[in-house]
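For reference, the structure is listed below as structure tokens.
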There are 2 protein chains.
Amino acid sequence: MATSRTLRTRARILDAALDLFERQGYDATTVNQVAEAAGVTPMTFFRHFATKDAVLVTDPYDPLIAEAVGDQPGHLPPLERTRRGLLAALGDITPTEDATARRRVALVARSPSLRAAVAVGTEATQDAIVERLVADGTDRLDAAIAAAACLAATTAALLAWGTAPDDVTLAQLVRRALAHLAPAGAPS
Amino acid sequence: MATSRTLRTRARILDAALDLFERQGYDATTVNQVAEAAGVTPMTFFRHFATKDAVLVTDPYDPLIAEAVGDQPGHLPPLERTRRGLLAALGDITPTEDATARRRVALVARSPSLRAAVAVGTEATQDAIVERLVADGTDRLDAAIAAAACLAATTAALLAWGTAPDDVTLAQLVRRALAHLAPAGAPS
DNA sequence: ACCCAGAATGTTAGTGACTAACATTTGGTC
DNA sequence: GACCAAATGTTAGTCACTAACATTCTGGGT
């Protein structure tokens, strides 16, 4: 298969980008610099990552999250249903698979333009949740409000994790964030 | 004073932009087109609006909101304090001052790139709230979570308002959004 | 009416993210 | 060793945005 070469190139670009972004800042680093450091043409960079920020911002979790929300009891109000769904999907997440996750999040936390990119990505997740709730009869606006609030709290936790001490777990912070949205100091 | 000329030019640019954006879409419209339609140089466009999206996205409400949050009883949990503050600041808002508000919001609701710009703007509001809460002793992460959740719900209401029937009030939707975050079906 | 700062606009030239169309190389297969 | 297709390169362009400098207005004092 031809993917092995692809994967190696992609990894080289990613390494070079992470390195340069950390050393001189995201905004101060051009795609050309990253490409050159990776021994590659700028054009090739964009063939592997659709945008400059795509190197750092990726979230393929949408379908899982929407499913987890749908799995919660349908008689609950949308906010609580979403909250429990997110808790189920992310409450015990452990990004061991990707040791660079924290570096990426730390970079995102530092750059406004990157946080904007995260917001765009989050919107897709929000839409997925909304569609799932609407399918069960929830009013669209109510669903959007619930999803937006829960995801915003979760994102705040994610960004905080980027600059938190090493022994702090992402799952811990997410649980803490969602606990704030629990009905009146209620259980878990 | 020299501002009269400035205001007229700014208004011409704004009118031209709104018109073109509505007719051919935000992303499909270039700054050059807007400038030309306004009888002005692209450079002049940027002297009046720092970015292309600044024509549509502006929110000078940050200090008012932060103050309103600070005015709520300090013994309340941060989420409830923020919620009541936003309610006080926006719960009876009436954008009569600007008849184009709804057109602008409708445009924002249609374009992902514009929603990203809104997210960036909201971040400033969030920071203002967070600083105010932190000044009163709230933990920074808790403050960020509370502000993010409340503002996300509010933004969802704002975007919905853009495409809602004419007799629906922005204040109505904001109150509805924040009601979702009230502790256990509690009062107003 | 005249003049003159200073604001407002224009001009030119450039950077950086991204795209489209087409040419070239590379790696595995028969 | 020739062949096919994926991966990369090349070229040329668009668009948002910026900096430095030149020009034109506009209002206020004489």
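Throughout, protein chains are lettered first and strands after them, A, B, ... in sequence-line order, and every chain is numbered starting at 1. Computed from a prediction, not measured in an experiment: that's the story for all the values here. For the numbers below, each heavy atom of this structure counts, side chains included, while hydrogens, waters and symmetry mates do not.
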- Query: Is Asp139(A) paired with Arg176(B) through a side-chain N to carboxylate O contact shorter than 4.0 Å?
  - Reply: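 Yes.
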
- Salt-bridge test for Glu22(B) and Arg104(B): reply yes if a basic N is under 4.0 Å from a carboxylate O, no otherwise.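 No, Glu22(B) and Arg104(B) are not salt-bridged.
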
- Worked verdict on Arg81(A) versus Asp136(A) for side chain to side chain contact (heavy atoms under 4.5 Å, CB included): CA-CA 12 Å; Arg81(A) 212 174 162 204; Asp136(A) 281 6; 2.5 Å; yes

- Query: Under 4.0 Å: is that the gap between some side-chain N or O of Ser4(A) and OP1 or OP2 of dG27(C)?
  - Reply: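 False: Ser4(A) side-chain N/O out of range (4.0 Å or more) of dG27(C) OP1/OP2.
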
- Message: Side chain of Thr9(B) only, heavy atoms from C-beta on: which candidate in dA7(D), dA8(C), dC17(D) is closest?
- Response: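 The closest nucleotide is dA8(C).
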
- Item | Verdict with supporting geometry, Leu18(A) and Asp15(A), side chain to side chain contact (heavy atoms under 4.5 Å, CB included) | CA-CA 5 Å; Leu18(A) 233 60; Asp15(A) 284 350; 5.8 Å; no

- Task: Please state how far atom CZ in Arg12(A) lies from atom P in dA7(D), giving the value in whole angstrom units.
- Result: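 These atoms are roughly 14 Å apart.
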
- Query: Which pairs, with at least one residue in residues 43-69 of chain A and sequence neighbours excluded, count as a salt bridge (Lys or Arg N to Asp or Glu O under 4.0 Å)?
  - Reply: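 For residues 43-69 of chain A: none.
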
- Toward the 5' end of DNA chain D, which comes first, Arg8(B) or Ala50(B), by nearest nucleotide?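 It is Ala50(B), whose closest nucleotide lies nearer the 5' terminus.
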
- Task: Locate the shortest heavy-atom distance separating Ala153(B) from Ala177(B); write the atom from each residue and the value.
- Result: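 Looks like O-CB, 3.5 Å.
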
- Please list, by residue number, the residues of residues 24-49 of chain B whose heavy atoms come closer than 4.0 Å to an atom of DNA chain D; answer none if no residue qualifies.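 Within this stretch, Thr29(B), Thr30(B), Val31(B), Met43(B), Phe46(B) sit under 4.0 Å of the strand.
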
